Amino acid sequence: MSIKANAVVAIHYAVKDEEGAQLDSSEGKEPLTYLHGANNIIPGLEKALEGKAEGDQVEVTVAPEEGYGEHREELVEAVPREAFGDVDQLEPGMRFQAQTDKGPVSVVVTDVQEDTVTVDGNHPLAGKSLNFSVKVDSVRDATEEEISHGHVHGPEGQEH
Ligand code: ZN
């Protein structure tokens, strides 16, 4: 069958940035399994896979607006050093969960000064064009339950 809404799709993938550096890959792991048409994966990749079938190879470049969004400057914030309380060694690259009025947000430290720490709440891949190389591993119909939940069940998906 070909990939369309309410198909459960398993893919092997590798993703590189514009400079050709590999960012992520499913090599040596189970394929990534998702429910097509349910926003489980980024829009640009979902669009490129529409109509493809098992065994197909897909190469696609996904722009930020079809990927993880543009890098938003308002998500970069300087916060008082005291906000990190008992953390001794603050260094750029460290990740924290920040509590916001919209719930917990994962932020990365980008700069450490004596009194202030700059954190960035953007997705690590925000603002990047992503080059995906994808192989369709399998395609099956979703169950009624999977469709109503909006995600895949079973060993490759949600266990509940
Ligand atoms: Zn479920």
Side-chain angles (χ1 to χ4, degrees), residues 1-76 89-98 100 102-112 118-143 145-160:
M1 62 179 281
S2 61
I3 298 174
K4 56 182 189 308
N6 298 331
V8 171
V9 184
I11 56 171
H12 274 294
Y13 68 95
V15 55
K16 293 179 178 172
D17 66 15
E18 283 157 291
E19 285 78 44
Q22 183 152 301
L23 302 168
D24 192 17
S25 138
S26 63
E27 201 186 326
K29 295 186 261 184
E30 290 297 305
L32 171 73
T33 303
Y34 75 97
L35 178 60
H36 195 80
N39 295 318
N40 288 178
I41 61 171
I42 55 172
L45 189 54
E46 192 162 65
K47 265 186 212 166
L49 286 164
E50 179 85 25
K52 299 290 189 269
E54 187 176 319
D56 281 356
Q57 185 85 38
V58 180
E59 307 288 331
V60 60
T61 299
V62 176
E65 61 268 24
E66 296 269 284
Y68 293 94
E70 297 291 349
H71 188 270
R72 290 162 55 200
E73 213 44 53
E74 68 268 28
L75 297 179
V76 179
Q89 278 295 336
L90 269 177
E91 283 167 20
M94 292 173 86
R95 289 211 151 266
F96 291 91
Q97 288 288 331
T100 72
K102 289 178 198 121
V105 172
S106 175
V107 300
V108 64
V109 172
T110 56
D111 188 46
V112 180
T118 306
V119 296
D120 186 346
N122 284 285
H123 187 281
L125 299 180
K128 290 187 196 289
S129 282
L130 304 170
N131 295 312
F132 281 92
S133 179
V134 178
K135 182 146 196 282
V136 181
D137 191 68
S138 68
V139 186
R140 67 165 168 87
D141 284 314
T143 64
E145 196 183 43
E146 286 172 324
I147 294 166
S148 74
H149 285 203
H151 55 229
V152 176
H153 288 164
E156 74 276 32
Q158 300 275 330
E159 299 278 358
H160 67 183

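Computation of the quantities below employed the complete heavy-atom set of this structure, encompassing side-chain atoms and omitting hydrogens, waters and symmetry-equivalent molecules. All values reported here derive from a predicted model rather than from experimental measurement.
- Taking CG of Asp137 as the start and CG of Leu32 as the end, the distance is 10.5 Å to the nearest 0.5 Å.
- Side-chain contact between Thr61 and Leu130 is absent, with no heavy atoms from C-beta onward closer than 4.5 Å.
- Between Ala10 and Thr33, the shortest heavy-atom contact is CB-OG1, 3.8 Å.
- Under the 4.5 Å side-chain criterion, counting only non-hydrogen atoms from C-beta, Asn122 is in contact with Val76.
- Atom CD of Glu27 has 12 or fewer heavy atoms from other residues, nucleotides or ligands within 6.0 Å.
- One N or O on the side chain of Asn40 and one on the backbone of Leu35 form a donor-acceptor pair closer than 3.5 Å.
- Taking NE2 of His151 as the start and CG of Asn39 as the end, the distance is 14.0 Å to the nearest 0.5 Å.
- Within a 6.0 Å radius of CD in Glu73, other residues, nucleotides and ligands contribute 12 heavy atoms or fewer.
- What you find for Ala38 and Gly150 is that their closest heavy atoms are CB-O, 3.7 Å.
- The local environment of CD in Gln22 is crowded, with over 12 non-hydrogen atoms from other residues, nucleotides or ligands closer than 6.0 Å.
- Residues Ser129 and Ala63 come closest through the heavy atom pair OG-CA, 4.0 Å.
- Checked by atom type and distance alone, the side chain of Lys128 never pairs as donor or acceptor with a backbone atom of Pro124 at under 3.5 Å.
- In this structure, Phe132 and Asp24 have side chains that are not in contact, with every pair of non-hydrogen atoms separated by 4.5 Å or more.
- Close placement of the His160 and His153 rings is indicated, their centers lying within 6.0 Å of each other.
- Salt-bridge check for Arg140 with Glu146: passed, with a basic side-chain N closer than 4.0 Å to an acidic carboxylate O.
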Could you go through residues 44-51 and list every donor-acceptor pair under 3.5 Å that involves a side-chain atom there, pairing it with any protein atom two or more places apart or in another chain?
unit_1 : atom_1 : unit_2 : atom_2 : d
Glu46  : OE2    : Gly37  : N      : 2.8
Lys47  : NZ     : Glu66  : OE1    : 2.9
Lys47  : NZ     : Glu66  : OE2    : 3.4
Glu50  : OE1    : His36  : NE2    : 2.9

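- Side-chain contact check for Asp120 and Thr110: no donor-acceptor pair (N or O, by modelled atom type) lies under 3.5 Å.
- Between Gln97 and Ser106 there is a side-chain heavy-atom pair separated by less than 4.5 Å.
- The shortest distance between side-chain heavy atoms of Ser2 and Val139 does not fall below 4.5 Å.
- Contact annotation: the side chain of Val62 never approaches that of Tyr68 to less than 4.5 Å [non-hydrogen atoms, C-beta and beyond].
- A donor atom on one side chain and an acceptor atom on the other are found under 3.5 Å apart for Ser133 and Glu59.
- Here the straight-line distance linking atom CG of Asn6 with atom OG1 of Thr143 works out to 10.0 Å at 0.5 Å rounding.
- For the pair Ile11/Lys52, no side-chain contact is recorded, criterion being any heavy-atom separation below 4.5 Å from C-beta on.
- Here the closest non-hydrogen pair linking Val136 and Ala53 is CB-O, 3.4 Å.
- A distance of 5.0 Å separates NE2 of His12 from OG of Ser26, quoted to the nearest 0.5 Å.
- Considering only heavy atoms from C-beta on, Asp17 stays 4.5 Å or farther from Asn131 through its side chain.
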